[in-house]
J.: 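Quick one: the structure is below, questions incoming.
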Amino acid sequence: MKESQTISQSIRYILLIASVFWVVYLTEWMWEQNWSHWVGYPRSKEGIIGIFLSAWLHGDWIHLGSNTVAFIMLGSGLFVLYPALSEKVLWINLFLTGIGVWLFARPAYHIGASGWIYSLASFLFFSGVFRRDRRSLLISFTIMFVYAGMLETIFPSEKTALEHISWESHLVGGIVGAFMAFSFRKEVADNSVLSEENQILDYLDTHKNYQEGIIPLKTSNFVYSYKENKK
């Protein structure tokens, strides 16, 4: 019950963030405004605000809709798979991607959550690779299959030019996600280890009258054997 409530809360959190995309765009649309120029150019003083705000702005309904669906899917996957790290990874990815675009992107207005989305996809994929557990690897290959087309837009091409795609945002997001997955690989893996160790300690605390020798301890993930050293 608690696990299902946690998953439900996580998805609601992601939906709340995604709804901000729509609130911003609908406000622009109703007021007939274009706030894209507020984010400024990369490497300019005015453009610094774009590090924080560019992800919330979108060019049209198609741009908004596609980013919303991808963000909800990947954001929910992040919170379900790595609840202990999810919020930290989510916002650090946004910040680092924004900085990377501001530092290295071409002089243009780079808007939309796609860089953020690429960072989440990259984090989930490489976390599965670094952890090498079945569940994460399954998610990784699923992401690679579903979002294989994303690889087409991480480098300059005719498609990115014709469709006015910020390939820099995609490339920077992919790099940031991989870097975060590598940086947190031990912390991500240690979450389950700490849980298992706590189970061991709790078991020993509640079974103080055990006999000397071997105490078999079974969990859902492994069988642990404790053996005291006799003098």
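Computed from a predicted model, the values in this text were never measured in an experiment.
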J.: Quick check against the 3.5 Å criterion: does Arg106 have a side-chain atom that pairs as donor or acceptor with the backbone of Pro42?
T.: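 No; judged by distance alone, with no hydrogens or angles, the pair does not exist.
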J.: Roughly how far, to the nearest 0.5 Å, is OG of Ser119 from CG of Leu94?
T.: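 So the gap between those two atoms works out to 8.0 Å.
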J.: Tell me whether Leu162 at atom CG has more than 12 heavy atoms from other residues, nucleotides or ligands lying less than 6.0 Å away.
T.: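 Buried by this count: over 12 neighbours within 6.0 Å.
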J.: Do you know which two heavy atoms are closest between Ser66 and His63, and how far apart they sit?
T.: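 Distance-wise, the nearest heavy atoms are OG-O, 3.2 Å.
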J.: Between Ile165 and Leu64, is there a shared hydrophobic cluster once you connect ILVMFWY residues whose side-chain heavy atoms come closer than 4.5 Å?
T.: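 Different hydrophobic clusters.
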J.: Rounded to the nearest 0.5 Å, what's the gap from OG on Ser114 to CG on Asn67? Could you check?
T.: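 It comes to 5.5 Å.
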J.: In Å, rounded to the nearest 0.5 Å, how long is the span from CG of Leu15 to CD1 of Ile72?
T.: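 The CG atom of Leu15 sits 5.0 Å away from the CD1 atom of Ile72.
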J.: Distance-only, no hydrogens or angles: does the Ser54 side chain make a donor-acceptor pair with backbone N or O of Ile51 under 3.5 Å?
T.: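 No, the answer is negative, given that no donor and acceptor are paired below the 3.5 Å cut-off.
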J.: Is the shortest heavy-atom distance from the side chain of Phe104 to the side chain of Glu168 under 4.5 Å?
T.: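 Phe104 does not reach Glu168 side chain to side chain.
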J.: Fit a plane to each ring of Phe141 and Phe125, take the angle between them on a 0 to 90° scale, and name the class: parallel (under 30°), tilted (30 to 60°) or perpendicular (over 60°).
T.: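 Phe141 vs Phe125 ring planes: perpendicular.
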J.: Specify the closest pair of heavy atoms between Phe126 and Ala181, including all atoms of both residues, with the distance to one decimal.
T.: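 Closest approach of Phe126 to Ala181, heavy atoms only: CB-CB, 3.7 Å.
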J.: Which word best sums up how the rings of Trp35 and Trp31 line up, parallel for under 30°, tilted for 30 to 60°, or perpendicular for over 60°?
T.: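 Plane angle over 60°, so perpendicular.
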J.: Under a 4.5 Å side-chain heavy-atom rule over Ile, Leu, Val, Met, Phe, Trp and Tyr, are Val69 and Phe145 clustered together?
T.: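 Yes, Val69 connects to Phe145 through the hydrophobic network.
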J.: Side chains of Tyr118 and Thr97: any donor to acceptor distance under 3.5 Å?
T.: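 Per modelled atom types, Thr97 and Tyr118 side chains form no pair under 3.5 Å.
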J.: Could you grab the distance from atom CE of Met30 to atom OH of Tyr25, nearest 0.5 Å is fine?
T.: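 Those atoms lie 12.0 Å apart.
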J.: Can a donor-acceptor pair be found, under 3.5 Å and without considering hydrogens, that links the side chain of Trp116 to the backbone of Leu90?
T.: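 Yes; at least one donor-acceptor contact below 3.5 Å.
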J.: Is there a side-chain contact between Phe123 and Leu81 (heavy atoms, below 4.5 Å)?
T.: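 No, their side chains stay 4.5 Å or more apart.
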J.: Could you walk me through whether Trp38 and Ile49 satisfy the side-chain contact (heavy atoms from CB on, under 4.5 Å) test, starting with their C-alpha distance in whole Å, then the side-chain angles of each, then the deciding distance to 0.1 Å, before giving a yes or no?
T.: CA-CA 8 Å; Trp38 286 13; Ile49 195 172; 5.7 Å; no
J.: Going through the distances and angles, do His58 and Ile111 end up as a side-chain contact (heavy atoms from CB on, under 4.5 Å)?
T.: CA-CA 6 Å; His58 291 84; Ile111 62 171; 5.5 Å; no
J.: May I ask you to check whether over 12 heavy atoms, not counting those of Gln33, lie within 6.0 Å of atom CD?
T.: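 For Gln33, atom CD is crowded (more than 12 foreign heavy atoms under 6.0 Å).
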J.: Do any N or O atoms from the side chain of Ser183 and from the backbone of Phe179 form a donor-acceptor pair under 3.5 angstrom?
T.: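 Looks like yes, one N/O pair under 3.5 Å.
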J.: Donor-acceptor pair, His110 side chain versus Ser166 backbone, under 3.5 Å?
T.: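 No, the answer is negative, given that no donor and acceptor are paired below the 3.5 Å cut-off.
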J.: Does the ring center of Tyr82 lie less than 6.0 Å from the ring center of Phe184?
T.: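 Ring-ring flag for Tyr82/Phe184: false, centres at least 6.0 Å apart.
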J.: Could you pull out the closest heavy-atom pair between Ser122 and Gly173, with the gap in Å?
T.: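 Smallest heavy-atom distance, with atoms named: CB-O, 4.4 Å.
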J.: Ignoring hydrogens and angles, tell me if any N or O in the side chain of Trp22 forms a donor-acceptor pair with the backbone of Gly65 under 3.5 Å.
T.: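 Side chain of Trp22 to backbone of Gly65, a donor-acceptor pair under 3.5 Å: no, none is there.
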J.: Sub-3.5 Å donor-acceptor pair from the side chain of Ser86 to the main-chain atoms of Pro83, do we have one?
T.: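 Confirmed, Ser86 side chain pairs with Pro83 backbone.
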J.: How about Arg43 and Pro107: do any of their side-chain heavy atoms sit closer than 4.5 Å?
T.: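 Arg43 vs Pro107: side chains touch.
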J.: Please confirm whether the backbone N or O of Ala18 pairs with a side-chain atom of Thr68, one donor and one acceptor, at under 3.5 Å?
T.: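 The answer is no, because no donor-acceptor pair under 3.5 Å joins these two groups.
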J.: Got Leu96 and Met180 here, is their nearest side-chain heavy-atom distance under 4.5 Å?
T.: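 SC-SC contact between Leu96 and Met180 confirmed.
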J.: Would you compute the distance between atom CZ of Phe21 and atom CH2 of Trp56 and round it to the nearest 0.5 angstrom?
T.: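 Output value for this atom pair is 5.5 Å.
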J.: Going only through I, L, V, M, F, W and Y residues with side-chain contacts under 4.5 Å, is there a path from Met73 to Leu138?
T.: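 Each belongs to a different hydrophobic cluster.
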J.: Honestly curious: do Leu57 and Trp61 fall in one hydrophobic cluster under the side-chain, below-4.5 Å linking rule?
T.: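 Yes: a chain of side-chain contacts under 4.5 Å links Leu57 to Trp61.
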J.: Tell me the closest heavy-atom pair linking His170 and Gly115, and the distance in Å.
T.: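 Heavy atoms only, the tightest pair is CD2-N, 4.3 Å.
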J.: Nearest 0.5 Å please: distance from the CE atom of Met150 over to the CD1 atom of Ile117.
T.: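 Output value for this atom pair is 7.0 Å.
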J.: Side chains of Asp60 and Trp29: does their closest heavy-atom pair fall under 4.5 Å?
T.: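 They are not in contact (no side-chain heavy atoms under 4.5 Å apart), so the answer is no.
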J.: Considering all heavy atoms of both residues, which atom of Val176 and which atom of Asn93 are nearest to each other, and what is their separation?
T.: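 Shortest heavy-atom separation between Val176 and Asn93 comes out as CG1-OD1, 3.9 Å.
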J.: Applying the 4.5 Å side-chain criterion to the ILVMFWY set and letting contacts propagate, would Phe79 and Leu16 be lumped into a single cluster?
T.: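 Shared cluster, no.
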J.: Mind checking whether Ser10 and Ile14 have side chains closer than 4.5 Å, heavy atoms only?
T.: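 They are not in contact (no side-chain heavy atoms under 4.5 Å apart), so the answer is no.
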J.: Shortest non-hydrogen contact from Leu124 to Leu74?
T.: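 That would be CD1-O, 3.7 Å.
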